[in-house]
Amino acid sequence: MQSFINVSPDSHFPIQNLPYGVFSTCDNTAHRVGVAIGDLILDLSVIAHLFSGPVLSSHQDVFRQPTLNGFMSLGNTAWKEARSRLQTLLSADSPILRDDQQLRAVAFVPQKSATMHLPAEIGDYTDFYSSIDHATNVGTMFRGKENALMPNWKYLPVGYHGRASSVVVSGTPIRRPNGQTRPKDDEPPTFGPCRLMDFELEMAFFVGPGNKLGETIPIQSAQDHIFGMVVMNDWSARDIQKWEYVPLGPFLAKNLGTTISPWVVTMEALAPFVVDNYVQDPKPFPYLQHSDKYTYDINLEVGIKPDGSDHTGVVCKSNFRYMYWTMKQQLAHHTITGCNVRPGDLMASGTISGPTEESFGSMLELSWRGSKTVDIGKNATRKFLQDGDEVIINGYCQGKGYRIGFGQCTGKVLPAHPI
């Protein structure tokens with residue numbers, strides 16, 4: 001499949017992808033829905049009238065809204081119809097856009113001239129803890145190898161409710177937080193800037209249609225409620241976290257900011273890259289069992305670019321396929337109590353670590369709790385993040401002659417506010 005738009009082989013955005021995002025421009029500051037194709041954005045608010053299928057012909061307004069929530073709420077049939085129509089419109093064989101120079105002039109915007117925004121209004125955000133290698137590494141550090149995994153870990157997808165208000169789009173700086181820490185276990189706590197600032201390599205999915213309070217989303221149909229995925233950095237203040245997390249878990253150590261990539265890649269675009277699910281032992285309860293594959297071969301890479309440097313040192317190469325619990329299991333578990341989820345809710349994977357050291361998805365693991373340094377190139381090393389460091393995360397699936405990517409997920413660490 002080829003588009004009349006020129007797309008380089010290493011672009012994240014070929015016609016096989018077509019991820020959704022929300023953008024604005026200097027000459028039009030309104031937030032509007034777009035689709036990435038090569039180095040361009042196709043402004044769906046301009047071509048909303050071209051969605052004439054059986055579902056979208058009466059819902060063209062969703063492409064004129066400032067977020068994707070309305071489109072997310074329509075469900076699988078509408079998503080597939082939109083994707084099919086977009087691939088037709090952008091095909092090299094279709095004259096509808098290709099030959100209409102007047103429409104093309106207003107419908108396409110260079111990505112470099114656009115400002116990206118959060119793709120949805122996020123009502124609620126949940127962060128899971130679903131990488132067995134990450135959970136084992138952290139548990140080994142703090143409890144020893146024999147007690148690395150807590151007794152519940154292989155029975156349910158562990159998670160916590162995060163702070164939706166501090167989820168930000170790629171490129172937004174993140175300020176080092178102030179908070180309470182206890183550097184020495186035999187002394188009282190102190191207050192000041194976080195000293196153990198960390199990234200967490202994660203991915204997340206957006207919920208499409210939700211469920212009513214008191215009802216559940218069965219695992220057999222959970223895929224119908226999952227719109228698409230983004231790459232995520234769950235910034236963490238490790239020293240604040242260590243002191244505060246007993247007995248209720250993460251709080252201020254996590255609410256300082258969570259960064260997501262601007263483009264939402266649909267599950268249909270990811271379908272060719274599905275792989276076998278992680279073999280789970282013991283077998284989960286029936287409400288968490290599914291036989292269909294719902295894990296994906298997504299290459300992930302984290303780099304650190306020091307302030308003023310032109311060099312980005314790669315510190316982590318991992319893959320989403322290492323996840324123990326699937327997104328379907330996460331969503332089914334989340335709603336098993338009757339908890340209602342809504343279009344635009346964000347659900348994150350938890351730190352994605354693999355079985356080898358280079359695939360560890362946080363500085364906590366890479367430096368093994370600060371016991372060793374991590375090489376970031378140009379004679380520079382880190383144990384944790386320094387002020388001015390920019391963390392750059394990339395994710396993509398490699399097809400035959402094309403890539404399905406998410407665009408970069410970046411954020412720069414700013415100094416803490418003076419106390």
Side-chain angles (χ1 to χ4, degrees), residues 116-129 134 138 158-183 189-204 230-262 302-307 315-316 345-352 361-367 369-370 382-393 408-419:
M116 301 304 298
H117 306 282
L118 283 176
E121 182 179 344
I122 302 170
D124 285 294
Y125 156 53
T126 297
D127 194 15
F128 286 94
Y129 189 52
H134 174 66
V138 174
V158 174
Y160 72 94
H161 294 294
R163 185 69 184 172
S165 66
S166 54
V167 177
V168 296
V169 74
S170 175
T172 306
I174 299 295
R175 190 169 293 281
R176 183 182 297 271
N178 289 304
Q180 287 190 31
T181 63
R182 194 182 187 189
T190 62
F191 179 82
C194 155
R195 291 172 293 108
L196 307 182
M197 185 76 167
D198 203 355
F199 68 82
E200 290 192 26
L201 168 63
E202 303 197 20
M203 297 198 71
V230 292
V231 176
M232 194 176 102
N233 183 351
D234 180 30
W235 302 88
S236 297
R238 297 298 186 186
D239 44 354
I240 294 175
Q241 183 178 359
K242 180 186 175 184
W243 174 236
E244 75 175 4
Y245 85 101
V246 178
L248 296 181
F251 182 31
L252 304 183
K254 301 283 191 173
N255 71 4
L256 60 138
T258 302
T259 305
I260 63 172
S261 56
V302 184
I304 298 176
K305 183 179 180 182
D307 191 28
V315 297
C316 168
D345 282 0
L346 187 68
M347 306 219 175
S349 61
T351 303
I352 302 168
S362 66
M363 294 300 286
L364 177 68
E365 296 164 271
L366 290 166
S367 73
R369 205 179 174 187
R382 294 287 187 275
K383 291 185 177 180
F384 290 91
L385 298 175
Q386 296 182 8
D387 292 346
D389 284 348
E390 183 179 13
V391 178
I392 302 169
I393 303 178
Q408 289 191 335
C409 175
T410 71
K412 189 172 185 176
V413 180
L414 301 181
H417 278 300
I419 299 172

[atom1]/[X] to [atom2]/[Y] distance, rounded to the nearest 0.5 angstrom?
{"X": "L201", "Y": "M232", "atom1": "CG", "atom2": "CE", "answer": "10.0 Å"}
{"X": "D387", "Y": "L414", "atom1": "CG", "atom2": "CG", "answer": "8.0 Å"}
{"X": "R369", "Y": "L196", "atom1": "CZ", "atom2": "CG", "answer": "10.0 Å"}
{"X": "M116", "Y": "I260", "atom1": "CE", "atom2": "CD1", "answer": "10.0 Å"}
{"X": "D234", "Y": "T258", "atom1": "CG", "atom2": "OG1", "answer": "4.5 Å"}
{"X": "M363", "Y": "F199", "atom1": "CE", "atom2": "CZ", "answer": "6.0 Å"}

* Do the charged groups of K254 and E200 touch, with an N to O distance under 4.0 Å? -> yes

Report yes or no: does [X] contribute a side-chain atom to a donor-acceptor pair with the main-chain N or O of [Y] at less than 3.5 Å?
{"X": "S261", "Y": "V230", "answer": "no"}
{"X": "N178", "Y": "H417", "answer": "yes"}
{"X": "Q180", "Y": "P189", "answer": "no"}
{"X": "T259", "Y": "V168", "answer": "no"}
{"X": "T351", "Y": "G361", "answer": "no"}
{"X": "R182", "Y": "T190", "answer": "no"}
{"X": "Q386", "Y": "P306", "answer": "no"}
{"X": "D345", "Y": "D124", "answer": "yes"}
{"X": "D239", "Y": "T181", "answer": "no"}

Any heavy-atom pair between the side chains of [Y] and [X] that's under 4.5 Å?
{"X": "S362", "Y": "H134", "value": "yes"}
{"X": "V413", "Y": "D307", "value": "no"}
{"X": "C316", "Y": "I393", "value": "no"}
{"X": "P177", "Y": "I240", "value": "yes"}
{"X": "R195", "Y": "P183", "value": "yes"}
{"X": "L364", "Y": "Q241", "value": "no"}

For residues [X] and [Y], report the shortest heavy-atom separation together with the two atoms involved.
{"X": "P415", "Y": "R175", "result": "O-NH1, 2.6 Å"}
{"X": "A164", "Y": "G123", "result": "CB-O, 3.9 Å"}
{"X": "I392", "Y": "K305", "result": "CD1-CB, 4.3 Å"}
{"X": "A348", "Y": "A204", "result": "CA-CB, 3.7 Å"}

* Looking at residues at least two apart in the chain, or sitting in another chain, which of them share a side-chain hydrogen bond (donor to acceptor under 3.5 Å, both in side chains) with D127? -> Y160

* **K412, R176, R382 screened by salt bridge (Lys or Arg N to Asp or Glu O under 4.0 Å) with D389, the one that passes** => R382

* E390 atom CD, over 12 foreign heavy atoms within 6.0 Å -> yes

